[in-house]
Student: 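Let me begin by handing over the structure; questions about it come next.
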Amino acid sequence: MHFSYAQRLQQLPPYLFAEIDRLKAEATAKGVDVIDLGVGDPDIPTPSHIVEILKKAAEKPENHRYPSYTGMLRFRKAVADWYERRFNVKLDPEKEILALIGSKEGIAHLPLAFINPGDIALVPSPAYPVYHIGVLFAGGKSYFMPLIEKNDFLPDLEKIPRDIASQAKIMFLNYPNNPTAAVAEEEFFKRVIFFAKKYEIMVCHDAAYTELYYDGHKPLSFLSLKEAKECGIEIHSLSKTFNMTGWRIGFAVGHPKLIAGLGKVKSNIDSGVFQAIQEAGIAALNSKEKIVEKNRQIFKKRRDIMANGLKELGFELTIPKATFYLWVKVPKNYTSMEFCQFLLKKIGIVVTPGIGFGEPGEGFFRMSLTISEEKIYEALARLEKCIKYL
Ligand SMILES: *Cc1c(COP(=O)(O)O)cnc(C)c1O
């Protein structure tokens with residue numbers, strides 16, 4: 001039989017990390033002790049009180065049945081309480097909150113609810129790839145908003161042509177940002193709201209990293225701005241805040257019509273989040289502040305060691321106020337891809353080339369701080385040795 005992929009798969013952008021994956025597998029096979037600073041997946045276990053709740057909840061037969069599509073009301077109430085405590089944002093758990101099977105799921109499905117074939121979406125670049133892919137799968141077209149250093153890695157809304165803006169249906173944003181580690185301040189979000197209202201564009205703010213901040217720079221919720229709820233939703237995740245990437249739980253909050261639209265798509269595709277995981281999610285959201293603070297301290301220490309070490313070796317970077325990423329300039333005379341291949345071949349270190357997140361990411365590479373301090377020191381020692389070959 002002859003099977004051919006649908007156009008939406010044929011249109012997928014080339015997978016730029018294939019060569020890195022191949023080199024990594026090759027090095028591992030040769031017995032090289034590869035240090036992987038590539039993936040944004042915390043190495044620290046989920047706090048034990050959350051795991052204990054899952055164990056108990058897994059034994060309850062009422063949790064073995066199909067969950068509700070929108071999420072248990074108790075889970076949505078826990079989200080509402082958390083948003084009020086953390087951001088001073090009031091949400092109606094009945095209409096303004098939806099449980100997700102991880103935020104990636106919600107981001108990927110949102111365009112199916114609001115994008116018609118040919119519609120335009122405003123998508124940052126470099127970025128988490130799911131915004132563009134979600135738009136592509138819905139038959140839409142992405143207009144890429146470059147995130148460049150000169151603009152503090154915020155999109156320049158003035159540069160978006162008027163005819164594009166007036167056709168656009170949705171704008172994706174993500175602060176604190178992956179991969180650039182940039183943060184957005186109130187002033188920027190105000191400009192976004194003005195722009196979104198002027199052109200009637202819904203805003204989808206991916207807020208996965210709001211709790212991974214350092215030195216007291218607490219990131220904002222987009223929804224904490226006046227009138228934000230009128231034009232958008234925010235997508236949140238327990239993955240990064242509580243080291244729960246494997247659990248698959250997140251949530252969308254914001255405008256009831258947008259929440260309902262996303263809910264309609266989901267109720268026709270999936271059947272919700274395992275209730276035992278929602279119970280664990282409630283326990284996570286109700287965690288004592290010191291648990292999340294302890295996590296931040298671990299990443300802060302790693303950030304300080306790696307960022308200062310890199311600076312001493314002559315690398316150029318801004319010390320991030322949030323996220324567990326470093327966005328570092330590629331040394332002269334290398335493309336980001338060439339430099340990443342060089343690091344892997346010469347010293348067995350995996351980092352991610354900026355180009356892999358989009359064209360404007362060229363000239364940078366991303367390091368994830370998801371390895372132990374000991375390994376970070378080891379990585380710095382290897383980098384020091386290879387500097388002379390540059
Ligand atoms: C890690 C990450 C997420 C979280 O994804 P989950 O599906 O909730 O695990 C969302 N957005 C960005 C930008 C991320 O880096």
Side-chain angles (χ1 to χ4, degrees), residues 17 36-46 50 71 75 79 82 97-111 121 123-135 142 144-145 147 153-155 170-184 203-213 219 221-222 232-254 262 266 269-270 272-274 277-278 280-281 284-285 295 299 320 322-327 351-352 354 356-358 361 364 366-370:
F17 304 129
D36 194 344
L37 293 151
V39 287
D41 186 359
D43 56 313
I44 303 164
T46 305
I50 301 172
F75 175 74
V79 170
W82 184 76
I97 302 178
L98 178 68
L100 300 173
I101 310 171
S103 54
K104 182 177 189 179
E105 180 265 304
I107 293 163
H109 283 142
L110 184 69
V123 175
S125 177
Y128 187 57
V130 188
Y131 316 126
H132 170 57
I133 306 285
V135 170
S142 297
F144 292 106
M145 307 181 290
L147 306 185
F153 303 105
L154 301 169
I170 185 166
M171 175 193 282
F172 285 99
L173 292 172
N174 163 226
Y175 292 98
N177 185 259
N178 173 15
T180 69
V183 294
V203 177
C204 174
H205 182 239
D206 176 358
Y209 294 95
T210 58
E211 304 319 296
L212 271 177
Y213 59 82
S221 159
F222 175 67
I233 63 173
E234 189 153 77
I235 308 240
H236 233 296
S237 170
L238 303 185
S239 288
K240 311 293 162 56
T241 307
F242 301 102
N243 301 321
M244 290 175 74
T245 48
W247 297 58
R248 311 316 302 138
I249 182 163
F251 47 91
V253 299
L262 178 55
K266 281 174 55 56
I269 292 181
D270 67 63
V273 179
F274 181 29
I277 291 186
Q278 294 189 54
L285 290 165
N295 204 43
F299 283 113
T323 78
F324 46 51
Y325 301 114
L326 301 179
W327 189 238
V351 299
T352 315
F357 299 101
F364 290 85
R366 190 192 74 176
M367 268 187 177
S368 297
L369 299 168
T370 48

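All heavy atoms count here, side chains included; hydrogens, waters and symmetry mates do not. All ligand and atom numbering here is 1-based and tracks the order in the structure. In this chain, residues are counted from 1 in sequence order.
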Student: Run the ring pair (Phe, Tyr, Trp, His ring centres under 6.0 Å) test against His109 and tell me which residues pass, sequence neighbours left out.
Tutor: none

Student: Could I get the full list of side chain to side chain donor-acceptor pair (under 3.5 Å) partners for Ser237, not counting sequence neighbours?
Tutor: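 Residues passing side chain to side chain donor-acceptor pair (under 3.5 Å) with Ser237: Ser239.
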
Student: Sort out the contact shell of ligand 1: every protein residue with a heavy-atom distance below 4.0 Å, listed by chain and number.
Tutor: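 Contacting ligand 1 under 4.0 Å are Gly102, Ser103, Lys104, Tyr128, Tyr131, Asn174, Asn178, Asp206, Ala208, Tyr209, Ser237, Ser239, Lys240, Arg248.
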
Student: What salt bridge (Lys or Arg N to Asp or Glu O under 4.0 Å) pairs are there with at least one residue in residues 123-134, not counting sequence neighbours?
Tutor: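 For residues 123-134, and leaving out neighbouring residues, there are no salt bridge (Lys or Arg N to Asp or Glu O under 4.0 Å) pairs at all.
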
Student: Ring-plane angle category for Trp327 and Phe153, please: parallel below 30°, perpendicular beyond 60°, tilted otherwise.
Tutor: perpendicular

Student: State whether the side chain of Ser368 and the backbone N or O of Tyr325 hold a donor-acceptor pair below 3.5 Å, judged by distance alone.
Tutor: no

Student: Looking only at side-chain N and O atoms, does Ser125 offer a donor or acceptor that is under 3.5 Å from a partner on His132?
Tutor: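 No.
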
